Amino acid sequence: MKPSIPKGTRDFNPVEVGRRNYIFDTIKKNFALYGFQPIETPSFENSETLMGKYGEEGDRLIFKLLNSGDFLSKVNDTLYSEKDSTKITPKISEKALRYDLTVPFARYVVQHRNEITFPFKRYQIQPVWRADRPQKGRFREFYQCDADVVGSKSLWQEVEFIQLYDAVFTDLGLKGVTIKINNRKILSGIAETIGAEDKLIDFTVALDKLDKIGEEGVKKEMREKGIPEAALEKLQPLFSLKGSAIEQLQSLRELLINSTMGTQGVEELEFISKTIETLGLRTASLQIDVTLARGLNYYTGAILEVSAPAEVKMGSIGGGGRYDDLTSIFGLKDMSGMGISFGLDRIYLVLEELNLFPETISENSKALFLNFGEQESLYAMKAIKELRVNGVAAELYPDAAKMGKQMGYADKRDIPFTVLAGESEIEQQVFTLKNMKTGEQRSLDLTALKNALKS
RNA sequence: GUGGUUGUAGCUCAGCUGGUUAGAGCGCUUGAUUGUGGUUCAAGAGGUCGCCGGUUCGAAACCGGUCUUCCACCCCA
């Protein structure tokens, strides 16, 4: 049997783990700085918690876990002979792998509502699973990094999350990301204004593709979805929306003058963008983008998406938004929330492409002690013990192999120093420290060795 | 889920329209006076040609299925 892993999953080598942890740590540090606290939820939930929460497409992409035991015995013959998977699945599978972190979070909030102090700010970094067909930067097992706050309608949350995005990407050295912002209320307002409220989803899905298929492509798709020509004409100002945020908001305000919902959306956007302008961002830029239409199943206010710098061909590296009703599916009403997510795998690809990973992030020994035999090893091990107590990662080559082999090992593992301690060193109670980069060798006693390796 | 694409040594790939013992580079192992790696030189090991089945006198090459890779759509992080 040839060893292999399932489609869309990955092994990570030490360098990759080091780099992923670097991203995780940077994100965690900033989550903490902004007052978020970590929670974790199980990797699998009861199916009923997940099913039906992501649309019919989502149900297909949820990994279902087969019941244990003789699960088929619970399926009656008529149901079995129908061969309808959607009907049999709930009978033979009562648990499913986590599909995202948002729904389990909503479940968590409702389940623990009496222990939670609101507004509740939590972050969560855990893997999720999707039975999707893999593509570049899309896997069947991947990590999500989410921060959410529930129990506050304040627009200051939106302001905070935008600053949080800016802080994380600045810390990662990824300059020039664009945080795009839109508002569901504006999209609703537009749909209302052009008389296509019932086609809001079709309308926004098409609009979302503007930068991909162009103005004509969008119009074509809208016509196919049954949006009348007259409505498309009213949309024209959207396609030619240009200028500064203030100017764009002014045009939107005029377009949406007859929609209270739309006007409210414009006002929210105005508050957020003006506040951010006053506060300033470190390296990111905020851009209004009325074509942004993601997660419409649950977003009710602000919609955010982060794009990588233009020079890398990578879609969004993060997204989020305001949802007013997330917990109502679990029976808790009036619990407005807002959250954002970081796309770890894509951020990794972007940092790699731009060569932004620091050199020093992989965990590695500082020194390798060569093995010259039993007595010599004991002498070396005493020094190694001392070094480790002092926080210096050091190790002994386990076998008394030829020196060339031991040196080669240090070389391959990029261990910066080797220590030679043979008969003559023991006699003088010293160690020969060799710098593998320069080849320079020095004879040092234990204290000097410690000091040399500590720095 | 739909359409396409990829799969040959550990890695990156050659292998012409089916024809003897399947190749290269890198890597690996060993050696070049047994206390010195990264350079050089020499020798060597390593492949059921993704897997299953079919066509053929003969298949790595052609056909079907399957798994995998990547891409587009759908959707999404």
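Numbered from 1 within each chain, the chains take letters A, B, ... in sequence-line order. Quick caveat, the model's predicted, so the values are computed rather than measured.
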Which whole number of Å gives the distance between the [atom1] atom of [N] and that of [M]?
N      : M      : atom1 : result
B:rC11 : B:rC75 : P     : 37 Å
B:rG10 : B:rC74 : P     : 40 Å
B:rC13 : B:rG50 : P     : 15 Å
B:rA77 : B:rA14 : C1'   : 39 Å
B:rA45 : B:rC28 : C1'   : 9 Å
B:rC26 : B:rG46 : C1'   : 14 Å
B:rG7  : B:rU66 : C1'   : 13 Å
B:rG47 : B:rC41 : P     : 27 Å

Does the side chain of [X] come under 3.5 Å of the side chain of [Y] through a donor N or O and an acceptor N or O?
X        : Y        : value
A:Gln124 : A:Thr41  : yes
A:Thr49  : A:Asn46  : no
A:Thr283 : A:Thr170 : yes
A:Asn30  : A:Asp171 : yes

field: Summary of protein contacts for nucleotides 33-39 of chain B, nucleotide by nucleotide, where a base hit scores B, a sugar-phosphate-only hit scores S (4.0 Å, heavy atoms)
entry: --BBBB-
- prompt: Among A:Tyr143, A:Tyr22, A:Phe357, whose ring-ring contact (aromatic ring centres under 6.0 Å, His included) with A:Tyr348 holds?
  reply: A:Phe357
- prompt: Should stems be defined as at least three consecutive Watson-Crick or G-U pairs with both distances under 3.5 angstrom, which of them involve RNA chain B?
  reply: B:1-4 with B:70-73, B:10-13 with B:23-26, B:28-32 with B:40-44, B:50-54 with B:62-66
Please write out each protein N/O paired with an N/O of nucleotides 40-46 of chain B under 3.5 Å, distance rounded to 0.1 Å.
none

Going by salt bridge (Lys or Arg N to Asp or Glu O under 4.0 Å), name the residues that satisfy it together with [X], two or more places apart in sequence or in a different chain.
X        : result
A:Glu16  : none
A:Arg140 : none
A:Lys28  : none
A:Asp166 : none

- request: For A:Arg388, enumerate each residue passing the side chain to side chain donor-acceptor pair (under 3.5 Å) test, keeping only those at least two apart in sequence or located in another chain.
  value: none
- prompt: Which residues, if any, of residues 11-41 of chain A bring a heavy atom under 4.0 Å of RNA chain B?
  reply: none
- prompt: How close or far is atom P of B:rU68 from atom CZ of A:Arg10, stated in whole angstroms?
  reply: 16 Å
- request: Determine the interplanar angle of the A:Phe36 and A:Phe161 rings, folded into 0 to 90°, and report it as parallel if under 30°, tilted if 30 to 60°, perpendicular if over 60°.
  value: tilted
field: Aromatic A:Phe105 / basic A:Arg122 pairing, under 6.0 angstrom, 45° off normal
entry: yes
query: Do A:Glu229 and A:Arg223 pass the salt bridge (charged side-chain N to carboxylate O under 4.0 Å, His left out) test, and can you show the C-alpha distance, the side-chain angles, and the key distance before you say yes or no?
result: CA-CA 7 Å; A:Glu229 199 66 34; A:Arg223 279 186 205 106; 2.9 Å; yes
task: Give a yes/no answer on whether the side chain of A:Lys412 brings an N or O atom under 4.0 Å of OP1 or OP2 in B:rC28.
output: yes
I'd like a list of close polar pairs between nucleotides 73-77 of chain B and the protein, N/O only, cut-off under 3.5 Å.
unit_1	atom_1	unit_2	atom_2	d
B:rC74	OP1	A:Lys209	NZ	2.7
B:rC74	N4	A:Arg138	NH1	3.0
B:rC75	O2	A:Arg138	NH2	2.6
B:rC75	N3	A:Arg138	NH1	3.0
B:rC76	O2'	A:Arg130	NH1	2.7
B:rA77	N7	A:Arg130	NH1	3.3
B:rA77	N6	A:Phe139	N	3.3
B:rA77	N6	A:Phe139	O	2.7
B:rA77	N1	A:Phe139	N	2.8

message: Students often get this wrong, so: under 4.0 angstrom with heavy atoms, is A:Gly373 touching a base, only sugar-phosphate, or nothing?
response: nothing
Please tabulate, for side-chain N and O atoms in residues 426-438 of chain A, each donor-acceptor pair with protein atoms closer than 3.5 Å (sequence neighbours left out).
unit_1	atom_1	unit_2	atom_2	d
A:Gln429	NE2	A:Ile426	O	3.1
A:Thr432	OG1	A:Glu425	OE2	2.6
A:Asn435	OD1	A:Lys437	N	2.8
A:Asn435	OD1	A:Thr438	N	3.2
A:Thr438	OG1	A:Glu440	N	3.2

message: Listing request: all salt bridge (charged side-chain N to carboxylate O under 4.0 Å, His left out) pairs with a residue in residues 341-352 of chain A, at least two apart in sequence or in separate chains.
response: A:Arg10-A:Asp345, A:Arg19-A:Glu352, A:Arg20-A:Asp345
Member of A:Val177, A:Ile179, A:Leu286 meeting the side-chain contact (heavy atoms from CB on, under 4.5 Å) criterion with A:Tyr165: A:Ile179
